[in-house]
Visitor: 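This is the structure I have questions about; it appears just below.
Naming convention: chains lettered A, B, ... in sequence-line order (proteins, then strands); numbering from 1 in each chain. Values below: every heavy atom of this structure, side chains too, minus hydrogens, waters and symmetry copies.
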Amino acid sequence: MARRYWLMKSEPDAFSMDDLIASDQQTAPWDGVRNYQARNFMRDEMKPGDGVFFYHSRTQPLVIAGTMEVSSKPYPDPTQFDPDSKYFDAKSSKEQPRWFLVDVTFTAKFEPPITRDQLKQTPGLEDMMVLQKGSRLSIQPVTEQEWIIIHQLAGKDPK
DNA sequence: GCCAACGTTGGC
DNA sequence: GCCAACGTTGGC
């Protein structure tokens with residue numbers, strides 16, 4: 001199956017691009033997703049090797065901070081079973097887990113990061129889901145064209 | 001199955 | 001920090 005592309009949002013106060021870079025093996029589980037559509041993307045559609053933009057939301061400035069790669073198959077999000085976690089879900093069980101995630105591994109940092117304003121001003125990105133008003137989905141598909149255009153903005157080779 | 005109430009997201 | 005837009009819950 002062809003490689004696909006994604007955008008995943010995180011509030012940098014909770015987990016940032018630099019947190020990912022500082023993680024063991026520059027790899028982290030993308031935990032805490034509690035939206036079915038976003039879960040379905042991770043559980044059913046993502047494949048190891050897919051390319052992912054790391055988007056910083058609910059901060060200033062709003063940016064794409066860089067890229068990462070899907071680096072595991074989907075597996076149950078462990079935080080759903082942890083009563084001490086804010087992501088605990090009493091309605092989930094180990095026999096029938098409700099929430100799934102993938103691991104992501106750092107691939108490149110955009111320096112400087114690509115701002116939302118730049119994205120909005122760039123021809124070819126008008127249809128990007130993240131730029132649409134009211135777009136709350138925290139994991140979104142990205143087209144190959146968008147992947148390439150944004151790498152050009154960042155002065156990077158799309159890989 | 002509907003839909004009002006509620007909690008959360010996220011740009012501004 | 002505000003608040004509109006959105007997704008989920010739960011009473012009926």
Visitor: Please list residues of residues 122-130 of chain A whose heavy atoms come under 4.0 Å from any atom in DNA chain B, ordered by number; otherwise none.
Guide: none

Visitor: Check every nucleotide of DNA chain C for an atom under 4.0 Å from a heavy-atom of chain A, then give the first and the last such nucleotide from 5' to 3'.
Guide: dA5(C) to dG10(C)

Visitor: State which residues pass salt bridge (Lys or Arg N to Asp or Glu O under 4.0 Å) with Glu45(A); sequence neighbours excluded, sorted by chain then number.
Guide: Arg4(A)

Visitor: Can you list every ring-ring contact (aromatic ring centres under 6.0 Å, His included) pair that touches residues 107-145 of chain A, not counting sequence neighbours?
Guide: Phe110(A)-His151(A)

Visitor: For Tyr36(A), what residues pass the ring-ring contact (aromatic ring centres under 6.0 Å, His included) criterion, not counting sequence neighbours?
Guide: Trp99(A)

Visitor: Excluding sequence neighbours, so at least two apart, what forms side-chain contact (heavy atoms from CB on, under 4.5 Å) with Ala28(A)?
Guide: Phe15(A), Leu20(A), Ser23(A)

Visitor: May I ask you to check whether Arg34(A) and Ser138(A) show a side-chain donor-acceptor distance below 3.5 Å?
Guide: no

Visitor: Specify the residues of residues 30-45 of chain A, ordered by number, for which at least one heavy atom lies under 4.0 angstrom from an atom of DNA chain C.
Guide: Asn35(A), Tyr36(A)

Visitor: Residues in salt bridge (Lys or Arg N to Asp or Glu O under 4.0 Å) with Asp89(A), at least two apart?
Guide: Arg98(A)

Visitor: Who passes ring-ring contact (aromatic ring centres under 6.0 Å, His included) against Tyr5(A), sequence neighbours left out?
Guide: Trp147(A)

Visitor: Give a yes or no on whether a salt bridge exists between Arg3(A) and Glu69(A), defined as a side-chain N under 4.0 angstrom from a carboxylate O.
Guide: yes

Visitor: Tell me whether the count of non-hydrogen atoms from other residues, nucleotides or ligands lying under 6.0 Å of CD in Gln132(A) goes above 12.
Guide: yes

Visitor: At a heavy-atom distance below 4.0 Å, what parts of residues 91-99 of chain A sit against DNA chain C?
Guide: Lys91(A)

Visitor: Taking salt bridge (Lys or Arg N to Asp or Glu O under 4.0 Å) as the definition, give me every residue that meets it alongside Asp18(A), ordered by chain and number, with sequence neighbours left out.
Guide: Lys109(A)

Visitor: Could you tell me whether Phe41(A) and Trp6(A) have their ring centroids closer than 6.0 angstrom?
Guide: yes

Visitor: Can you name the side-chain contact (heavy atoms from CB on, under 4.5 Å) partners of Pro12(A), sequence neighbours left out?
Guide: Ser16(A), His56(A), Thr59(A)

